[in-house]
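A short write-up of the structure that comes next.
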Protein chains: 2
Amino acid sequence: MARERKFSTEDLFLATRQLLLIHGYEGFTVSLLADRLEVSRGTIYKYFENKEELITEYMISEMNEYLLKLDHMKKYESFEAQFDFLLNLIFSDTEITKLINIGRQIPANISERVAKNKEKLEALHLHMYDCLQSFIDLGRKEKKIKAQIPDPLILGFILHTITIPNHANIPKKQWIESIKEIIKNGMFTNN
Amino acid sequence: MARERKFSTEDLFLATRQLLLIHGYEGFTVSLLADRLEVSRGTIYKYFENKEELITEYMISEMNEYLLKLDHMKKYESFEAQFDFLLNLIFSDTEITKLINIGRQIPANISERVAKNKEKLEALHLHMYDCLQSFIDLGRKEKKIKAQIPDPLILGFILHTITIPNHANIPKKQWIESIKEIIKNGMFTNN
DNA sequence: ATTTAAAGTGACATTATTGTTACTTTAGAA
DNA sequence: TTCTAAAGTAACAATAATGTCACTTTAAAT
């Protein structure tokens, strides 16, 4: 007994993602979104009271999807295998870090629903760090990681390699291999 | 024969910087700026026709100041000395990269003056890369940098270490020393 | 003291964004 | 076929940001 929707949740979330990457959180407007989906603004407001609800809900879906992939890491037994898996995962979606940061900018005091969504996001974020902490713990146990380097830097360093812009368009494979090499053994020669 | 100004250019640029870091380019408004400087919006418009002119002019001043410091790098003769200098410079102002990226987002088609400012910024940016390229060339000449790692990655890697968030508040000295160690020799042990 | 001109203000018109609502459309159930 | 309810629209009021301008303030020069 219902009319057919003009866009799927997938369409909605894809458009949201694209606009967030182009304009950031503060530049994101419901008009831009409605235009992109070729519906009226009113339609968007049927589903979300404000853009913050939409964005946080989109972010939760994005994080869930990402964590599902990240969870596969524990299937690898050695630290080196997990390291390879992690870097390949990171480079399979280079925009996710930017999106996660945008998600964290959203103020919680907009509405009940936004506050709840932000809590959920925080929990997912913690879960992500749990996964990554086990990875580091394994590296420490196998004595593969230099003892003097603090945990947060290990993680931050690895995760932030995706934000290095490849303006010169170095082929992806060479780019990733070089990054792995630097993380593992540095960029200096050994003499 | 003139009335005293309520704010100096320094005040203006500092407020601009702070607001850009908090709200980003799209979230920056003339009202916010006027409030922070405790003047009316009209006053700001006496000096700049729009926020883009202000932001680009602020960015030019910021870049000039930064390049002045960067130019001291060439006084150091060895690659390793230049490397140390560069990392200390980078970590003396961790927000500059974020600001430079914000500056690059501003559309040039707002007005003549904005377009000209953006050109100037582009030139300054190129000059920065020239300085950094000489640094890399020296490293290659001294055979200190692994041959297989492409130039843009060397630069990107070093510059992006400042964006790694130090949430755990590791003491600055230890943080920087660890970063230098990873860049030079990696985070893996040598066995 | 008067004049001058830069500095600053506050009010106005304009435009953009938000959020709401009465109304229309449409696919399927009765 | 007609009724229903979800889906969508378009118009409205409210708020916020923009850019302009006639006017006021003020410090220094005459």
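Just so it is clear, the model here is predicted, and its values are computed rather than measured. Just so you know, these numbers use all the heavy atoms, side chains as well, and skip hydrogens, waters and symmetry mates. Letters go in sequence order (proteins before strands), and every chain restarts at 1.
- For DNA chain C, the residues of residues 4-14 of chain B within the heavy-atom distance limit of 4.0 Å (strictly under) are B/Glu4, B/Arg5, B/Lys6, sorted by number.
- Counting heavy atoms from C-beta on, the side chains of A/Thr163 and A/Lys98 never come closer than 4.5 Å.
- Checked against the 6.0 Å centroid threshold, A/Phe188 and B/Phe83 count as a close aromatic pair.
- Electrostatic pairing of A/Asp137 and A/Lys144 does not count as a salt bridge here, judged by no charged N lying under 4.0 Å from a carboxylate O.
- Distance B/Leu54 CG to D/dG19 P: 12 Å, rounded to the nearest Å.
- Look at CD1 on B/Ile44: it is 13 Å from P on C/dA7, rounded to the nearest Å.
- Look at CD1 on B/Ile55: it is 14 Å from P on D/dA17, rounded to the nearest Å.
- A salt bridge does not link B/Lys118 to B/Glu52: none of the charged side-chain nitrogens sits closer than 4.0 Å to a carboxylate oxygen.
- Between B/Glu38 atom CD and C/dG10 atom P there is a gap of 13 Å when expressed in whole angstrom units.
- The CG-P distance, from B/Asp35 to D/dT18, rounds to 12 Å in whole Å.
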Along nucleotides 15-25 of chain C, 5' to 3', which nucleotides get a B, which get an S, and which get a -, given that the test is a protein heavy-atom distance under 4.0 Å? --SBBB----B

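- A/Ile90 is not listed as a side-chain neighbour of A/Phe85, based on a closest heavy-atom distance of 4.5 Å or more.
- Two rings, from A/Phe157 and B/Phe157, have their centers less than 6.0 Å apart.
- Side-chain nitrogen and oxygen atoms of A/Thr43 include at least one within less than 4.0 Å of the OP1 or OP2 phosphate oxygen of D/dT9.
- Listed by first then second residue, pairs satisfying ring pair (Phe, Tyr, Trp, His ring centres under 6.0 Å) with a partner in residues 97-139 of chain B read B/Phe79-B/Phe135, B/His125-B/Tyr129, not counting sequence neighbours.
- With a 6.0 Å cutoff to the six-membered ring centre and a 45° limit on the axis angle, B/Lys180 does not count as a cation-pi contact of B/Phe91.
- Rounded to whole angstrom, the span from the NE2 atom of B/His23 across to the P atom of D/dA16 amounts to 14 Å.
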